[in-house]
Protein chains: 2
Amino acid sequence: MSRQHATKGERTRARILDAASELFALSGFNAVSLREIAAHAGMTHAGLLHHYPGKEALLLEVLARRDREDAAHLFPGMLQPGEAVPPAVQLRRIVDLAERNSRTPGLVGLYTLVAAEAATPGHPAHDYFVARYRVLRREIAALLRTVFAEAAPPVTADPDVVAQQLLALMDGLQTQWALEPDAVPMRRRVVDFLAAHGLRLDIEDGPVTG
Amino acid sequence: MSRQHATKGERTRARILDAASELFALSGFNAVSLREIAAHAGMTHAGLLHHYPGKEALLLEVLARRDREDAAHLFPGMLQPGEAVPPAVQLRRIVDLAERNSRTPGLVGLYTLVAAEAATPGHPAHDYFVARYRVLRREIAALLRTVFAEAAPPVTADPDVVAQQLLALMDGLQTQWALEPDAVPMRRRVVDFLAAHGLRLDIEDGPVTG
DNA sequence: GTCTATATCGCGATAGAC
DNA sequence: GTCTATCGCGATATAGAC
């Protein structure tokens with residue numbers, strides 16, 4: 001039952017995941033075939049499907065890995081409890097995330113795309129996205145609760161409500177931005193939204209004030 | 001150059017569109033094949049593709065038709081200039097639209113799904129969605145401008161900004177709602193958003209007040 | 001047992017005959 | 001305007017190699 005090092009299968013899966021991640025980011029989901037990915041990983045498409053049950057499941061793994069990296073960046077407290085990051089800094093990191101996603105063109109919109117696809121209960125990514133939004137809502141709500149309380153004057157809005165709205169706003173803005181980048185100043189709109197709730201988040205690197 | 005009645009081709013296209021609309025709404029986009037739709041319309045899938053260049057273009061037509069019906073419902077002033085609808089009523093209709101969409105399960109999320117897919121410039125639905133969001137932003141902004149001015153006290157927020165945020169919020173909420181309906185009181189969150197901008201929209205059928 | 005390849009299926013899409 | 005034939009695709013099942 002115990003294993004001392006990565007098995008050959010784990011190394012193969014990592015190789016597949018690297019190839020898929022690279023090709024998806026380069027050309028998008030639909031434009032890349034399993035046969036291309038398999039070739040990049042040195043096998044046939046059927047061999048690839050032995051490790052991952054399907055193309056969408058493979059995309060799911062690519063997104064999950066990126067999600068893990070984002071989470072480590074956004075909520076370092078979850079992974080490194082010893083090091084305290086001011087909530088105001090975390091909030092700005094979340095706002096910055098919208099633009100960070102925009103810098104990887106091939107992967108832009110893949111999240112909202114697959115999230116929309118995953119609406120049907122049978123979809124391979126369904127459970128993952130349900131859990132993802134639950135975690136994000138909870139984490140952002142907890143963060144907002146602290147920021148609201150620390151603001152001067154304190155913000156009276158419900159952190160849970162604002163967290164859900166903030167998530168929806170960022171997703172929806174990304175959809176419009178992907179269609180017509182010039183028409184959607186994403187970061188600006190998110191800052192405007194927080195400002196409407198009495199929270200002033202300075203545009204540059206200044207502190208968050210009430 | 002003139003035509004007195006619907007051609008055979010137009011009748012065939014209408015038949016195809018009816019079949020596609022019914023099957024997409026019933027089972028979603030991916031679960032339905034062109035061969036099924038063609039069979040329902042009394043032809044082979046190649047025959048269907050003579051009238052519509054591809055499956056996504058067919059979906060696009062289905063969505064566009066629904067869009068036209070929604071527009072006639074939301075902005076009747078555009079089609080019937082003689083009849084004046086109070087902006088407050090139009091605003092509530094927009095808020096109601098989020099729930100109206102939720103009552104056709106098969107078509108839920110298809111808009112946000114295809115909108116996300118249409119991000120790439122080459123996508124058959126790209127131009128359509130760019131135009132769609134432009135129109136919606138402009139119409140909702142014009143509507144908000146009036147409602148803001150009529151509210152007591154008048155709302156000072158920028159109608160263009162709030163219109164873009166409102167659209168994004170409704171799209172994003174629909175994504176979360178499709179994944180976990182119980183976790184997302186869509187209408188409530190939209191009302192909360194407008195309330196944050198000083199606009200009180202009564203939950204029931206009362207008037208909009210400032 | 002762990003892994004990969006061959007064979008087959010229905011799919012969306014295209015080309016060309018009628 | 002509709003068909004038949006054909007292509008590469010994602011997906012599945014099954015057999016075979018290490």
Side-chain angles (χ1 to χ4, degrees), chain A residues 1-21 23-24 26-63 110 113-114 117-118 120 122-126, chain B residues 3 5-20 23-24 26-63 110 113-114 117-118 120 122-126:
Chain A
M1 288 302 223
S2 66
R3 229 182 284 121
Q4 290 182 332
H5 60 282
T7 66
K8 183 183 176 186
E10 283 169 343
R11 274 181 278 120
T12 303
R13 274 185 285 277
R15 224 172 57 232
I16 294 171
L17 214 57
D18 287 338
S21 202
L23 293 178
F24 282 150
L26 209 70
S27 314
F29 181 66
N30 291 317
V32 177
S33 71
L34 281 183
R35 285 166 173 85
E36 290 179 70
I37 297 171
H40 265 70
M43 64 184 72
T44 67
H45 88 287
L48 187 155
L49 288 171
H50 170 76
H51 298 280
Y52 295 97
K55 193 183 182 186
E56 281 177 337
L58 186 57
L59 171 62
L60 179 62
E61 282 302 313
V62 171
L63 295 180
L110 266 187
L113 173 62
V114 183
E117 283 181 350
T120 50
H123 193 280
H126 180 76
Chain B
R3 229 181 284 125
H5 60 282
T7 67
K8 181 184 175 184
E10 284 168 344
R11 275 182 276 119
T12 303
R13 273 186 285 277
R15 226 172 56 232
I16 294 171
L17 214 57
D18 287 337
L23 293 177
F24 281 151
L26 209 70
S27 314
F29 181 66
N30 291 316
V32 178
S33 71
L34 283 184
R35 286 166 172 85
E36 290 179 70
I37 298 171
H40 265 71
M43 64 182 71
T44 66
H45 86 287
L48 187 156
L49 288 170
H50 170 74
H51 297 280
Y52 295 97
K55 192 184 182 186
E56 281 175 338
L58 186 56
L59 172 62
L60 179 62
E61 283 302 314
V62 171
L63 296 180
L110 266 187
L113 174 62
V114 183
E117 282 181 351
T120 49
H123 193 280
H126 179 75

Member of A:Val32, A:Leu17, A:Leu63 meeting the side chain to side chain contact (heavy atoms under 4.5 Å, CB included) criterion with A:Leu58: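 Exactly one pass, corresponding to A:Leu17.
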Min side-chain heavy-atom separation A:Thr12-A:Arg15 under 4.5 Å: yes
Side chain to side chain, A:Phe24 and A:Ile37, heavy atoms closer than 4.5 Å: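 A:Phe24 vs A:Ile37: side chains touch.
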Closest contact, heavy atoms only, B:Ser27 versus B:Ala31: O-CB, 3.3 Å
Separation of A:Arg13 CZ from A:His50 NE2 (nearest 0.5 Å):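 The distance works out to 7.5 Å.
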Spatial distance of atom CG (B:Leu60) from atom NE2 (B:His126) [nearest 0.5 Å]: 12.5 Å
Show me the donor-acceptor pairs within less than 3.5 Å that the side chains of residues 39-49 of chain A make with the rest of the protein, sequence neighbours left out.
| unit_1 | atom_1 | unit_2 | atom_2 | d |
| --- | --- | --- | --- | --- |
| A:His40 | ND1 | A:Glu36 | O | 3.4 |
| A:Thr44 | OG1 | A:Gly47 | N | 3.3 |

Leading and trailing nucleotides of DNA chain C with any atom under 4.0 Å from heavy atoms of chain A: C:dC3 to C:dT6
Contact list (N/O, under 3.5 angstrom) for nucleotides 11-15 of chain D vs protein:
| unit_1 | atom_1 | unit_2 | atom_2 | d |
| --- | --- | --- | --- | --- |
| D:dA11 | OP2 | A:Lys55 | N | 2.8 |
| D:dA11 | N7 | A:His45 | NE2 | 3.2 |
| D:dA11 | N6 | A:His45 | NE2 | 3.1 |

